[in-house]
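Just so you know, these numbers use all the heavy atoms, side chains as well, and skip hydrogens, waters and symmetry mates. Note that this is a predicted model, so its numbers are computed, not measured.
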Amino acid sequence: MTQLYWQTTGSGDRDLVLLHGWGLNAEVWSCIRERLGAHFRLHLVDLPGYGRSENFPAMTLEEMAECLLPFMPSQTLILGWSLGGLVASQLALRAPQRVTGLITVASSPCFSATEAWPGIKPDTLTQFQRQLSEDFKRTVERFLALQTLGTDTAREDARTLKNVVLRLPMPPVDVLEGGLEILRTADLREAMQTLPQPLLRIYGYLDGLVPRAIAPLLDAQWPNSESAIMEKAAHAPFISHPEAFCEQVIAFADRLR
């Protein structure tokens, strides 16, 4: 039986859906749940196949968004980190009347690098997919370690991410491979140009997976969106700099009132 994990908490009067990244689950928000819960009604979600949302098959980006849609509040902000940023963007495109604003964190509409676009080399993502079938626990740990490289608290942050993964059942290999396939092939750059909702894009200056060079490119392509670069953060700014991160989110939401 498939059942999506969707927990609602917090004392605020505005809805905020939080979508985690590849390989993880909603426990990744533990370090900011209390801070944001004072301002929002938080919706903590394990994406299909991850964490407590067990027995789901591997999905496309569109299928994942369709799976979440029935649970989504009628008027809500959505925040998506990394892979979750793609899912959040797809939800905003699919149901714009239900999304009051969108925040993407260390995410990109196109994760794969080309000559004219910074990102992750497609060969690297393909290699991760291949390694998953050989030693998937070590491959997940390696991917998590890449997310914190360069920060003052890199070792501690990587340990936090690893504990989040180990606290709950590991996602099946086919679900992890499906998530990497989304990262390798999705490209929402053109679709997002006409997004009607306010959009805030948060980046880490030290991020080795989503280079900060993406920010000015999207500033030009999506002039109605905002970008913020957190100087000493890498791929998980809400873990390394929780207070500054929450300030960004709350300030953006306040501007939408």
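Counting non-hydrogen atoms of neighbouring residues, nucleotides and ligands closer than 6.0 angstrom, the CZ atom of Arg138 reaches no more than 12 such neighbours. The environment of CD in Glu62 is crowded: more than 12 heavy-atom neighbours from other residues, nucleotides or ligands sit within 6.0 Å. Atom CD of Gln97 is surrounded by more than 12 heavy atoms from other residues, nucleotides or ligands within 6.0 Å. Within a 6.0 Å radius of CG in Asp152, other residues, nucleotides and ligands contribute 12 heavy atoms or fewer. At most 12 non-hydrogen atoms from other residues, nucleotides or ligands lie less than 6.0 angstrom from CD of Glu231.
Taking 4.5 Å as the limit, every side-chain heavy atom of Val164 sits out of range of all side-chain heavy atoms of Leu161. Using a 4.5 Å heavy-atom cutoff, the side chains of Tyr203 and Leu218 are in contact.
Interatomic distance, CG of Leu188 versus CD of Gln90, reported as 6.0 Å (0.5 Å rounding). In this structure, the separation between OH on Tyr50 and CG on Asp46 is 11.0 Å, given to the nearest 0.5 Å. Rounded to the nearest 0.5 angstrom, Met59 CE and Leu68 CG are separated by 8.5 Å. Distance check: Ile202 CD1 to Phe238 CZ gives 10.5 Å after rounding to the nearest 0.5 Å.
Taking every heavy atom of both residues into account, Thr100 and Leu77 meet most closely at OG1-N, 3.5 Å. Nearest heavy-atom pair, Ala220 versus Pro223, reported as atom, atom and distance to 0.1 Å: O-CD, 3.7 Å. Listed here is the closest heavy atom pair of Pro48 and Val175: O-CG1, 4.1 Å. Across every non-hydrogen atom of Leu86 and Pro109, the tightest pair is CD2-O, 3.8 Å.
Judged purely by atom type and a 3.5 angstrom limit, Glu63 uses its side chain to pair as donor or acceptor with the backbone of Thr60. Listed for the Gln197 side chain is a donor-acceptor partner under 3.5 Å among the backbone atoms of Ala92. Proximity of a side-chain donor or acceptor of Thr124 to a complementary backbone N or O of Ile120 within less than 3.5 Å is not detected. With hydrogens and angles disregarded, no donor-acceptor distance shorter than 3.5 Å links the side chain of Thr76 to the backbone of Pro73. Side-chain N or O atoms of Ser53 include none that pairs as donor or acceptor with a backbone N or O of Leu4 at under 3.5 Å. The backbone N or O of Leu176 sits less than 3.5 Å from a side-chain atom of Trp22, completing a donor-acceptor pair. Checked by atom type and distance alone, the side chain of Trp81 never pairs as donor or acceptor with a backbone atom of Val28 at under 3.5 Å.
A salt bridge does not link Glu177 to Arg184: none of the charged side-chain nitrogens sits closer than 4.0 Å to a carboxylate oxygen. A salt bridge is defined here as a Lys NZ or Arg NE, NH1 or NH2 lying under 4.0 Å from an Asp or Glu carboxylate O, and Asp254 with Arg14 meets this definition. Using a 4.0 Å cut-off between a side-chain N of Lys or Arg and a carboxylate O of Asp or Glu, Arg257 and Asp13 qualify as a salt bridge. Remark: Arg159 does not engage Glu156 in a salt bridge, criterion side-chain N to carboxylate O under 4.0 Å.
No side-chain N or O of Asn25 forms a donor-acceptor pair with one of His20 less than 3.5 Å apart.
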*Candidate pair Leu199 and Glu226, rule side-chain contact (heavy atoms from CB on, under 4.5 Å), full reasoning*: CA-CA 6 Å; Leu199 166 59; Glu226 305 175 39; over 6 Å; no
*For the pair Asn55 and Thr2, evaluate side chain to side chain donor-acceptor pair (under 3.5 Å) and give the outcome as yes or no after the intermediate values.*
CA-CA 5 Å; Asn55 301 318; Thr2 59; over 6 Å; no
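Cluster annotation: Val173 and Leu125 are assigned to the same hydrophobic cluster (Ile/Leu/Val/Met/Phe/Trp/Tyr, side-chain heavy-atom contacts under 4.5 Å, transitive). Phe71 and Tyr5 end up in different hydrophobic clusters when Ile, Leu, Val, Met, Phe, Trp and Tyr side chains are linked at under 4.5 Å. In terms of hydrophobic clustering, with Ile, Leu, Val, Met, Phe, Trp and Tyr side chains grouped at heavy-atom distances under 4.5 Å, Leu195 and Leu69 are assigned to a common cluster. Residues Trp6 and Val99 fall within the same hydrophobic cluster, defined by Ile, Leu, Val, Met, Phe, Trp and Tyr side chains chained together at heavy-atom separations under 4.5 Å. Residues Leu209 and Trp117 are members of one and the same hydrophobic cluster, defined by side-chain heavy-atom contacts under 4.5 angstrom among Ile, Leu, Val, Met, Phe, Trp and Tyr.
For the pair Arg212 and Tyr205, the cation-pi criterion (under 6.0 Å, within 45° of the ring axis) is fulfilled. Cation-pi geometry between Arg189 and Trp222 is not met at under 6.0 angstrom from the ring centre and within 45 degrees of the axis.
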